[in-house]
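Report on the following structure.
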Amino acid sequence: MPVITLPDGSTRQFDAAVTGATVAEAIGPGLARAALAMEVDGRLMDLSAEIGADASLRFITRRDPEALEMIRHDCAHVLAEAVQELFPGTQVTIGPPIEHGFYYDFHRNEPFTPEDFPAIEAKMREIIARGDRFVRRVVSRAEAVDLFVRKGERFKVELIRDLPGDQVISLYSQGDWVDLCRGPHMRTTADIGAAFKLTKVAGAYWRGKPENPVLSRIYGTAWRDQKELDAHLTMLEEAEKRDHRRLGQAMDLFHFQPEAPGAVFWHPRGWKLFSTLTDYMRRRQEDAGYQEINTPDIMDRALWEKSGHWDKFRDAMYLTEAKEERVFALKPMNCPGGIQVFKQGLRSYRELPLKFGEFGKVHRFEPSGALHGLMRVRGFTQDDAHVFCTEAQIEEESVKVIDLCLSIYRDFGFEDVRIKFSDRPEKRVGSDEIWDRSEAALKGALRAAGIHDYSVNKGEGAFYGPKLEFVLRDAIGRDWQCGTLQVDFNMPGALGASYIGEDGQRHVPVMLHRALFGSLERFTGILIEHTAGRLPFWLAPVQVVVATIVDDALPAARQAVAALRRAGLRVETDFRNEKINRKVPDHIEARVPVLAILGRREAEEGRVVLRRLPGREQQELPLAVAVAQLAADAMPPDLSTTPVAAE
RNA sequence: GCCGGCGUAGCACAGCGGUAGUGCAAUCGAUUCGUAAUCGAUAGGUCGCGAGUUCGAUUCUCGCCGCCGGCACCA
C-alpha cells in the first residue's frame, strides 16, 4: 500500500506497487505529459520504475536542471545508436553528459571527422522522431558479459568485468539498440527534442590512460530548446572573440613564433601591461612586508639534486650546454634560489617570518600539446615569494597570504574565487609524519581564514608539500587557476637552511611558497579574456589617443598630448589625414579606452572632447579639467581613494 | 607526448598538376572633411621547411617544424 508524498506535502495512496507514470496520470493529464523522470526519496529514477513502498516523490519536467542532464545523456545514447547504424563495426565505450553537452567515445579504425556530422545528425533526428521507449532491464553479470561478447563490444565487456561485485547491472534499450547504462533515462527518444548539435571530434585515451588505445570522441551540445542552443552557440562565438591570442595580435601586445614554441615575444604595449601588473604587485607586497630579491636563472645540477628537483622534476627541466664539464639547469622554480639568499649569514628567530619576493622567470619543458597562448607556456614569470617562518607561525602567515590574495583579485574585479586543497602526491620527498603536519597546518590556516568551502584534490600537491590553489571565474564563466600557497617542511632542510632559535640551537625553518597572480603571462591572458580586451583604464597599454579633425588643430593637439603625458598618462596620437568618422571605429577596434578629439573650435577655446570608447557619449571640457579627470581615473586601485572597479 | 585538422602577402581568406588572387592594412597622390570605415593609383608572396612522384608541384605522397581542437600533463 505505498503512500506517495509529493513536494507540496500532499499524499496519494495506491493499492499496489505503481510506476511513476501511473502516479503522474493519477494526478493529472498535464503532469502525465510533462513528467520525464522522477526523484524517489532523493534518487533519480525512470518514470517507468515501480514504487512498492512509501516514498516521497518529485517529478522531473523539462524545466528542472536534472532534465537538461538527462537530455544530454539520452542524446549520447542516440548518437551511439546513429553511429553504429551508419558505421558498422564501430565499438561503443562510454558517453556521459558533461557541462553544456555530452560526448561518446567510439573505437573505430578510421577516426570520425566533422564531415561525418551531417549524416550522423540526420540519423539522430530519425531516431528521435521514432520516439522509441527507453527500456531498462536488470541482468546478471554473466548475462551482461555474454550479451556484449556476442556483440563484439570488448570495451563494454571490460567495463562490466570491472564493476564492483554488488553493483546492479542494468541495460537500456531504445528500439533494437542496447547499451550498458546505469540510467536513468527519459521516457522516449522523442523527449530529447531538436536542440542539439554535434560540435567536434577528438582523440581520447580509453579510460584516460595514455597506454590504452586511442578512441574517437564525438562531442555534442544539447539543450531544452532552440533558444537555449542558440544562446550557447552565441556564447561560444563570444568566447572566440575574447580569445587572448586573437586580441593580443589585434592589440599588438605580443606574438609567438616557431623558433621559440611556448615563449612570449612581448611588444611594447603588452610589456607595458605586464609591467603595470608587476608594479602593482610590488606595491602590494611591500605593504605586506615582503622584500624583493632576484636569483640566478641557471644553476648547477648539484643544487637541483639537493632540492629534489633533479629526481622529481627533471622531465620538465631544460639543461644547458657549454664548453664546460658542469651541467647547469634553467630554473623551473624559484625556491632553491630563494633559500640561498636566506642562507647567507646567520639567521635569528627574531628575523622570522622573513618574506622574500621574486619576479622570477622560470622555464619548464611542457608537453607540446599543452601549449596554449599565454595560458600555458614554457617560459613564464611568477610573482613568487617564500616566507621563512617557524612551525608556530605557519597558520598566521598563511592567513595573511590568503587575505592578500583575495584582496588583490578583488582589485581586478574577480569576486568569485574558489579554493582547492591538494594533498600529498605519489612522487614526493619527506616522511609521512612531516606530510601529516604540513597538511594539518594548511587546513588549520584555511579554518583560521574563515574558509570552509573548498574542494580537495587528492594527490595533487607539490612534491615537497601540500598546496592551496586559487581559481578565478571569469566574465563568461570559465575557471582559471592562478595563485598557489604551499607549505614546505622539506626543502629548507634539504638545502641546509637554518636559523638560531630562542634556545640558542639551530633550527630548520618552514617555508611557505606562494604566488598570487601565479604566472604573470597567464594572468595577463586571463585579464584580456575577462575584459574582452577592454582593460580597466589604469591597465590599458594605450590610455588615450589624441585625434584631430582638421590640421588647424594640430598645435593645440600637440599641447594636449604633452599635458596628458606630463600627468603620467599613456598617450598616442592619430593625426592622420582621415575623417573623424574613420578614426573613431579604428580606435574602438584597437580597444583604446579614451579618445580625446580636437577640432578647430576646441583648438581655439583650449578645450577637448573626450569620448570613452566604445560608448557614443562625449564630454567637452577645458583641457586642464580633462587631464585632471583622466589622471584621477588612471590611478591604480591600491593608490586610489575611490577604488576603480574593474569591468 | 597521443588522436584529428590546419599552415598561401602585415592581417582575414579564396584558389589550383601548367610557377598565384580578393578585402583590409601599407606606400604615393587628391581631399581638411565635426564623431562607427573619403576617392584614386602603386607596391607587396622562394604558397611553413625538406625530400619524393611528375616533362612540370603552391596543388599529389612521405618526413620534419609550428599552430588549432581535444586527450594526457599543468602555473
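Each chain gets a letter, A, B and so on, in the order the sequences are listed, and its residues count up from 1.
Of all heavy-atom pairs spanning A/Gly360 and A/Lys331, the tightest one is CA-NZ, 4.2 Å.
Interface remark: the A/Glu211 side chain does not form any donor-acceptor pair with the B/rA72 base, using a distance-only criterion of under 3.5 Å. Between the base of B/rG34 and the side chain of A/Glu602 there is a donor-acceptor pair shorter than 3.5 Å. Residue-to-nucleotide contacts include a donor-acceptor pair under 3.5 Å from the side chain of A/Asp551 to the base of B/rU32. Between the base of B/rC74 and the side chain of A/Arg364 there is no donor-acceptor pair shorter than 3.5 Å. Side-chain atoms of A/Tyr205 come within donor-acceptor range of the base of B/rG1, with a qualifying N/O pair under 3.5 Å.
When distances are taken from the side chain of A/Pro258 to each of B/rC74, B/rA36, B/rC65, the shortest belongs to B/rC65.
The CH2 atom of A/Trp480 sits 4.0 Å away from atom CE of A/Met375, with the distance rounded to the nearest 0.5 Å.
Taking only side-chain nitrogens and oxygens, A/Thr113 never comes nearer than 4.0 Å to OP1 or OP2 of B/rG4. Here A/His372 reaches the OP1 or OP2 of B/rG69: one of its side-chain N or O atoms lies under 4.0 Å away. Side-chain N/O atoms of A/Arg245 include one lying less than 4.0 angstrom from OP1 or OP2 on B/rG69. Distances shorter than 4.0 Å separate none of the side-chain N or O atoms of A/Arg376 from OP1 or OP2 on B/rC68. Distances shown here put a side-chain N or O of A/Arg616 below 4.0 Å from the OP1 or OP2 atom of B/rA36. For the pair A/Lys467 and B/rA75, the criterion of a side-chain N or O lying under 4.0 Å from OP1 or OP2 is met. For A/Gln382 and B/rA75, the shortest distance from a side-chain N or O to OP1 or OP2 is not below 4.0 Å. For B/rG10, the OP1/OP2 oxygens have no side-chain nitrogen or oxygen of A/Gln249 closer than 4.0 Å.
Look at B/rG56: it lacks any Watson-Crick or wobble partner with both distances under 3.5 angstrom. Pairing for B/rC13 goes to B/rG21, judged as Watson-Crick or G-U wobble with the two contacts each under 3.5 Å.
Residue A/Phe112 is out of contact with every strand shown, counting any heavy-atom pair closer than 4.0 Å. A/Lys200 comes within 4.0 angstrom of the backbone, heavy atoms only, and of no base. Across all strands, A/Val362 comes closer than 4.0 Å to no nucleic acid atom at all (heavy-atom distances). Contacts of A/Arg600 with the nucleic acid, taken as non-hydrogen atoms under 4.0 Å apart, include base atoms. If you check every strand for non-hydrogen atoms under 4.0 Å, A/Val214 touches sugar and phosphate atoms only. Among the heavy atoms of the strands lying under 4.0 Å from A/Gln618 is at least one base atom, whether or not backbone atoms are also near. Across all strands shown, A/Gly208 has heavy atoms under 4.0 Å from sugar-phosphate atoms exclusively, and none from any base. Residue A/Pro367 is classed as a base contact, given a heavy-atom separation below 4.0 Å to a base.
Taking atom P in both B/rC11 and B/rC68, the straight-line distance is 15 Å, to the nearest Å. Comparing B/rG40 with B/rA36, their P atoms are spaced 22 Å from each other, to the whole Å. Taking atom P in both B/rC60 and B/rG5, one finds a spacing of 13 Å when rounded to whole Å.
Nucleotides of RNA chain B nearest to A/Glu366 and A/Phe256 differ in position, and the one nearer the 5' end is that of A/Phe256.
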